[in-house]
Amino acid sequence: METDQISLDKKYMRRCLQLAQNGQQNAKPNPMVGAVIVADGRIIGEGYHVRCGQGHAEVNAFASVSAEDERLLPEATIYVSLEPCSHYGKTPPCADLIVKKGVKRAVVGCIDEFAEVQGRGIRKLRDAGIEVTVGVLEEECKALNRRFFTFHRLSRPYIILKWAQTANGFIDDNGKALAISTPFTQMLSHKLRAEEDAILVGRVTNEREHPQLTVRQWEGPNPKRLVIDRQHPLNLEVLHAHHIQSLIVEGGRKTLDSFLEQGLWDEIRVETNMRLTVSGGTSAPQLPADAEVVAQHDYDGNMIISYRSRLAPRPISGSPI
């Protein structure tokens, strides 16, 4: 049975995660972060990282505290979904701000794996005499910024392989393009595009289907459009240099297999039209043996299943968690 304090810590960390998601479009290339300040049994301030180059979540949370509640800060707890930064970037270190504000306790969802942080923010707080709890809803906090972490840990984008297939496992109709998605699931695909930095297809798919690869049925920016073939292979170093943190691969069977064979994937999304079959065609790729289901949704007969690898890299060694 959870103690009252652990239950409260999880409650306020969930609020941090809710707030953090509001920065999904504009916080890039920075991570999404939410912060909540609690005192006297209530939230007295909260905020999230709205836009890269502007105030971080902690700054916005302290700024939202009313003048009459400032007196409560010495007994307050600040909850942050990601370790407060400890270095000077486009803004001053948030760890310094927390120390300056004099809060009693800090609760951190997960350690920041970015090279200039990696536990330094936690040490600053503890050295200042602030009680620090680390790892509350840790997996959820890591999952929220899995693109950011993958980019910095592996020096490449977070890679999502995506395809649609018939009920009997084909991605086309005897070599001809086939409408497998419904209008609703197509909208969800466009929503995904708005959330990711780049999208890729192979030359054959590009020449055969002339896909626009744009956001037409959702609000948001179009992902960077990439087409590859043997003469123009994907260069992950170039994508990293251009700060592309996430990549959708929507190519044909050969393109998808090239990523699967190299183990270059972090997530796989498969849409299956359970009411559609064809007599033959190109078989859908085989799922890797280490793929495990993390989400499954039925949208009026079209099943979308998301997989992630059981062997995905864990947090860096030496983490103070």
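Heads up: numbering here begins at 1 and tracks the sequence.
Between Arg253 and Asp257, at least one side-chain nitrogen of the basic residue sits less than 4.0 Å from a carboxylate oxygen of the acidic one, meeting the salt-bridge criterion. Ion pairing between a basic and an acidic side chain is recognised when a charged N comes within 4.0 Å of a carboxylate O; Glu267 and Lys162 show no such pairing. Using a 4.0 Å cut-off between a side-chain N of Lys or Arg and a carboxylate O of Asp or Glu, Asp266 and Arg156 qualify as a salt bridge. Between Lys224 and Asp197 there is no salt bridge, since no side-chain nitrogen of the basic residue lies less than 4.0 Å from a carboxylate oxygen of the acidic one. At a threshold of 4.0 Å, the pair Lys142-Glu140 does not count as salt-bridged, since none of the basic side-chain nitrogens sits closer than that to a carboxylate oxygen.
Other residues, nucleotides and ligands contribute more than 12 heavy atoms inside 6.0 Å of the NZ atom of Lys28. Surrounding CG of Asp300 are at most 12 heavy atoms belonging to other residues, nucleotides or ligands under 6.0 Å away. A 6.0 Å sphere centred on CZ of Arg42 holds more than 12 heavy atoms belonging to other residues, nucleotides or ligands. For CD of Glu70, the number of neighbouring non-hydrogen atoms (other residues, nucleotides, ligands) closer than 6.0 Å is greater than 12.
Ring orientation note: the planes of His240 and Phe151 are close to parallel, at an angle under 30° on the 30°/60° scale.
A donor-acceptor contact under 3.5 angstrom links the side chains of Ser309 and Asp290, judged on distance only. For Tyr79 and Arg15, the side-chain atoms include no donor-acceptor pair closer than 3.5 Å. If you check the side chains of Thr182 and Thr185, you find a donor sitting under 3.5 Å from an acceptor. Between Arg216 and Asn222, the side chains place no donor N or O within less than 3.5 Å of an acceptor N or O (distance only, hydrogens not considered). Residues Asp69 and Ser66 bring a donor and an acceptor atom of their side chains to less than 3.5 Å of each other. Under the 3.5 Å distance criterion, with hydrogens and angles disregarded, no donor-acceptor pair is assigned to the side chains of Asn168 and Thr277. When only modelled atom types and interatomic distance are considered, Gln186 and Gln217 share a side-chain donor-acceptor pair under 3.5 Å. A side-chain N or O of Arg105 and one of Thr133 form a donor-acceptor pair less than 3.5 Å apart.
Side-chain atoms of Thr272 do not come within 3.5 Å of backbone N or O of Ala167 as any donor-acceptor pair. Of the possible polar contacts, one joining the Asp229 side chain to the His232 backbone as a donor-acceptor pair under 3.5 Å is found. A donor-acceptor pair is defined here as one N or O able to donate and one able to accept, closer than 3.5 Å; no such pair exists between the side chain of Arg193 and the backbone of His190.
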(message) Set out, in order, the CA-CA distance, both residues' side-chain angles and the distance that settles side-chain contact (heavy atoms from CB on, under 4.5 Å) for Ile159 and Phe259, then state yes or no.
(response) CA-CA 9 Å; Ile159 299 173; Phe259 280 82; 4.2 Å; yes
(request) Please lay out, stage by stage, how Val134 and Ile122 fare under the test side-chain contact (heavy atoms from CB on, under 4.5 Å). (result) CA-CA 9 Å; Val134 182; Ile122 300 299; 3.9 Å; yes
(message) Arg147 vs Glu196, test: salt bridge (Lys or Arg N to Asp or Glu O under 4.0 Å). Steps then yes/no.
(response) CA-CA 9 Å; Arg147 294 156 181 80; Glu196 312 304 339; 2.8 Å; yes
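Inter-residue side-chain proximity for Leu161 and Leu260 is flagged as met; some heavy-atom pair is nearer than 4.5 Å. Taking 4.5 Å as the limit, some side-chain heavy atom of Val65 sits within range of a side-chain heavy atom of Ile37.
Residue Ser279 comes nearest to Asn174 through the heavy atom pair OG-ND2, 3.2 Å, listed as atom of the first residue, atom of the second, then distance. In plain terms, the two heavy atoms of Leu125 and Pro84 that are nearest each other are CD1-CG, 4.3 Å.
With rounding to the nearest 0.5 Å, the separation of CG in Leu19 from CZ in Arg14 is 14.5 Å. Glu250 contributes atom CD, which lies 6.5 Å from atom CG of Leu213 (distance to the nearest 0.5 angstrom). Here the CD-CZ distance, from Glu83 to Arg120, works out to 9.0 Å after rounding to the nearest 0.5 Å. Atom CG of residue Leu178 and atom CZ of residue Phe170 lie 11.5 Å apart, to the nearest 0.5 angstrom.
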